[in-house]
Protein chains: 2
Amino acid sequence: MTQPSLIYAPRREFERALALPVDRIRRTEVFAALARLNALYMIKRAGSGHIGSSFSSLELVSWILLNGLRREPGGRSFQDVYFSSKGHDAPGLYSALIGLGMLDFDLLHRLRKLDGLPGHPDVGTPHIPTNTGSLGMGISKARGMILADRLRGGDRRVYVLTGDGELQEGQFWESLQPSANRGLHELTVIVDHNKLQSDTWVEKVSRLGDLERKLEAFGWEVERIDGHDMKAIDRALMPRASQTEPRIVVADTVKGRGVSFMEEFGKEDCFYKFHSGAPSNEHYLRAAEEILGAANRLLAGAGAQPLTLEREPFPTAVETTGMQRMVAAYSRALLREAERNPRIVALDGDLLLDTGLAPFAERFPDRLFECGIAEQDMVSQAGGMALSGLLPIVHSFACFLTPRANEQIYNNSTERTKVIYVGSLAGLVPGGPGHSHQSVRDIACMGAMPGMVCVEPCCEAEVELLVDFVINRTTESTYLRLVTPPCRVPYELPAGYRLELGRGVALTEGRDAVVLGYGPVLLAEAWKAAELLARDGVSLKVVDFPWLNRVDRAWLASCVSGCRRVFTLDNHYVTGGQGQMLAAAMASTLPPGVEGVTSFGVEEIPHCGRNDEVLRAHRLDAESLRERIREALEA
Amino acid sequence: MTQPSLIYAPRREFERALALPVDRIRRTEVFAALARLNALYMIKRAGSGHIGSSFSSLELVSWILLNGLRREPGGRSFQDVYFSSKGHDAPGLYSALIGLGMLDFDLLHRLRKLDGLPGHPDVGTPHIPTNTGSLGMGISKARGMILADRLRGGDRRVYVLTGDGELQEGQFWESLQPSANRGLHELTVIVDHNKLQSDTWVEKVSRLGDLERKLEAFGWEVERIDGHDMKAIDRALMPRASQTEPRIVVADTVKGRGVSFMEEFGKEDCFYKFHSGAPSNEHYLRAAEEILGAANRLLAGAGAQPLTLEREPFPTAVETTGMQRMVAAYSRALLREAERNPRIVALDGDLLLDTGLAPFAERFPDRLFECGIAEQDMVSQAGGMALSGLLPIVHSFACFLTPRANEQIYNNSTERTKVIYVGSLAGLVPGGPGHSHQSVRDIACMGAMPGMVCVEPCCEAEVELLVDFVINRTTESTYLRLVTPPCRVPYELPAGYRLELGRGVALTEGRDAVVLGYGPVLLAEAWKAAELLARDGVSLKVVDFPWLNRVDRAWLASCVSGCRRVFTLDNHYVTGGQGQMLAAAMASTLPPGVEGVTSFGVEEIPHCGRNDEVLRAHRLDAESLRERIREALEA
């Protein structure tokens, strides 16, 4: 008996499927089944990725790639345009493009790896026309392409796939009317209406109302179809010469389509388990078997032999025992504070699980406001609550909360009320989702808000202290920045450590140089760098400085005095990060003995890849820091 | 014969109107007419303010204040809530609140003055429940208030006024469905449907389509009325006990209502002249006469005597001869470049006049894309155009463009295409509109975008150079920051000055200290400070440094070497501004002879007032700079 293993369909099986002597409906069905099998492989091998919406959209995507898009002469690239506005469904799209031979087959093994296929689409990958992953931008982007074509004489058809949860985003509605006003007949939008957003039913999060009526009211031609019925897809998406308006096809689909236990989600179920993340080994094997069975049945129906597959061993599981989790610690601390303070309410943007709000939601259902994927509305709503005597705590991923609702946060700030913003998924890692999700500009976006204190904890114990600070110990609004992945934290805060605004705490002592930073990801690297440097005879002081936009200058001077060189370390762009603020403070009068300040941080578009790959690519891992610090000291 | 003068109705005339023995319809009509007269006075006296929408909304606002809102016991404050989401109509609202005795009467003379009434509403003013002026936030704010009430046992009615141009903003649509889903019966929204947005007809800018059908499709109860017919207003806005859904009343109004020549705007007319800004003396006199006549006719109809008015002299006109205009210079330079480069297209967010695009629009109508008040859609559309071979230049006010569309700008940046963003109305002045329009966070918002060069010119000649730079001399995306008000520029760029990325140019020589800054507003103050300091025996070098987020460190070191102290000067928050970037660069190794760097800039919520008042309040005027520089040198 062979060991359980990962399976995938090799290139020759796609070639066989594409050459089947059947009509395009059948051929596309077989192709979609193969692409589904390989998408599952890619996600399991990568250790993460969006299964649910890859599967709900694969019939649609396969039809568009095989039949909707015209090819350039030679057939190696598309003349027309398809992209997914949500971008989550990238594994399905990649799998199909690989199956078509339009991406190197080897990339099947390189999802979410450095120089592989990013977690969300990027124009650096062939046949990806635009970057997505931030929701709601698709129709606007498409209109830009079409209006450019009209000006330059192009005539591309543009197909855009959107999610249904995505329709909560204001930009989607903002983009509808101008598209109708411009008579954008070149555009066909397909809503992958799988009725589940990241956590649960769209109906539960923020109902869409009468969707077809709404879309029609904006002047679009609307059609509704079964998004897994290839005949219906073919009828609805085949271009029509007489088209004068933009069209939107609401495709009823099933999230997790093709795998029975991924399709099953009861009306009363709480959290859908297959939105993102890799399935367990057992789930993988059951899912692969079901998908393979369906593919072979379709092949048999076409009079063809079953698939001959390739195998790969299961990836080794990542050991997380003993790691610290900032979001879980936040979750516990919030619950404790909320028990004491009835003014606390929590607002969530469809990320209850990811932002640690599930326990709060269960304990205080009346004080949890689920806002859906509508960050601007959420933030202004929080502003209204703060004006009305509540203490609102607003949650989302840092990459969405701080730029998408930036003007709304500023508006709240100018009212001098107190609102707490909690941005998780902050910083370079996890590196798998790619730059749409790697929040490395949020300190710049939030730091200049008037009356806003920005903080980030470096360990679970500091989460506790900072939650106490933002809720009980300041009257100002605050931004609490949280790293999401579990972190191995090699240091401990000194016994008796108490927070003081603008002051940090040494995690190691040292006399040659000092590095100031924040958060568990880079402070752990700095700690390890200090150990490496000790072997080189360099004594490095590592300081946890949790204040991202405030500093007590006198404390800073005394902290760094006597160290020849000061380093700052940002899990963020250097521009607008904590380091620039600290360096500027030191430039006022360089503390005694200090020759200068060097700032480390992100300096280019974040790389996508495994966390260790990404840190190394940005030269922010311990070994790179050791080298960079040595270079600076020897300069 | 008396000299022509400004006129206003004193408090006693409002008291008389409110005591008229007529029904509430008539009384409200008279009140609205008086409020209109005084709003005209306030705007003319202030020298700016939004006349058109103050006048279109005054019947609605008067009815709500007099009849819609319940009062707290004692009658000195409201139990219920009214606010304008657009906020432009503040002069009308202030005038009504003053007429009701709910604001000090003296504030009638202090619109847009320091410690007076800000150009857009601020909670610092009594009876202003929330800050507005950034569009589209109103319903979200209102929902927050109502949900807070439900949690805390309040039962306020909430009335929100919106514009019709405002409905182009995505957040408006984002906020509709959740309000319906929550059964927000406490909420009544009124659309001041005057059919004109800042520049011209809403229909021409970005048609709203079938508005009632759209609103109904989102689950709201919709009614349409004549917004100047007090009986219709009374019927539509009187609370209904049986209400279970949120209501929206589309009120057909006339922009500039009550003044014949402000109401007249033909379907083919290009630019509406009375959106903002003060009327000419002649226009003022004709308008006042018409409004006064109407008020007296209403009084006569109620059997009452005509108004007895107070008079004030006309304000002295501001002399602008010889001043430089950055936006006009931009307008000319853009036109010249566009003649040469057919790839250039311009996108506008309903600010053709204010962003200097009118000549471009006339010369290249096919290359001008009017996007309406929909910054996110505009920016993503530009991204699609850049991906399709065009060179898009995106225009709006800096305060809206850079925070509202921040995530969209980042998304474009990660595609490594070239997009040019032009943000006018940058910085502290004009100080009249207030903090919603004073853009002092935009460098922070834009500086950390990957591949983005941010620049600001200090005079018309440098506008030319920078337009050439952003279009022809860089492959990177750029942000061109422009001051809007005419500026008296006391310096000239040296003959033969050429731009070099990251390098500045000395406007005055000096040896004791050096100040680096950008833009005509603060460099003019620095220049004047240098003259003042010369009298004190201090020699100050003033350097124009137009690069907001890049610096050539070697040039910087040589520029400041030998000066004991370096000052940076930001027309922006210190946090995230140019100064912090420069100071951090100098902290790497303090240049020879330099003892330290001091950064001047904005450090609190921008004050509203006359430009000179605002600069002084922030201690950024020449006299304050002189003092601050002396203090620092003597420390």
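Since the model is a prediction, treat every value here as computed from it, not as a measurement. Both backbone and side-chain heavy atoms feed into the values below; hydrogens, waters and symmetry mates do not. Throughout, protein chains are lettered first and strands after them, A, B, ... in sequence-line order, and every chain is numbered starting at 1.
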Is it the side chain or the backbone of [X] that comes within 4.5 Å of chain B heavy atoms, both, or neither?
X: A:P342; answer: neither
X: A:S413; answer: backbone
X: A:E203; answer: neither
X: A:M446; answer: neither
X: A:E212; answer: neither
X: A:F172; answer: neither
X: A:C371; answer: neither
X: A:R156; answer: side chain
X: A:E595; answer: backbone

Contact origin within [X] toward chain A - heavy atom pairs under 4.5 Å:
X: B:L208; result: backbone
X: B:E603; result: neither
X: B:R207; result: both
X: B:Q408; result: both
X: B:S134; result: both
X: B:A382; result: neither
X: B:V345; result: side chain

Regarding [X] and [Y], do their side chains bring together a donor and an acceptor under 3.5 Å, going by distance alone?
X: A:N549; Y: B:T575; answer: no
X: B:K141; Y: A:S380; answer: no
X: A:T132; Y: A:S85; answer: no
X: A:S175; Y: A:R143; answer: no

Sequence-distant partners of B:N412, side-chain hydrogen bond (donor to acceptor under 3.5 Å, both in side chains), two or more places apart: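 Applying side-chain hydrogen bond (donor to acceptor under 3.5 Å, both in side chains) to B:N412 gives B:Y421.
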Residue list, side chain to side chain contact (heavy atoms under 4.5 Å, CB included) with B:A374, at least two apart or on another chain: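 With sequence neighbours excluded, B:A374 shows a side chain to side chain contact (heavy atoms under 4.5 Å, CB included) to A:E174, B:D377, given in chain and number order.
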Can you tell which of [options] has the highest number of heavy-atom pairs within less than 4.5 Å of chain B?
options: A:R150, A:R404, A:Q168; result: A:R404
options: A:G138, A:A448, A:S599; result: A:A448
options: A:L151, A:T598, A:I443; result: A:L151

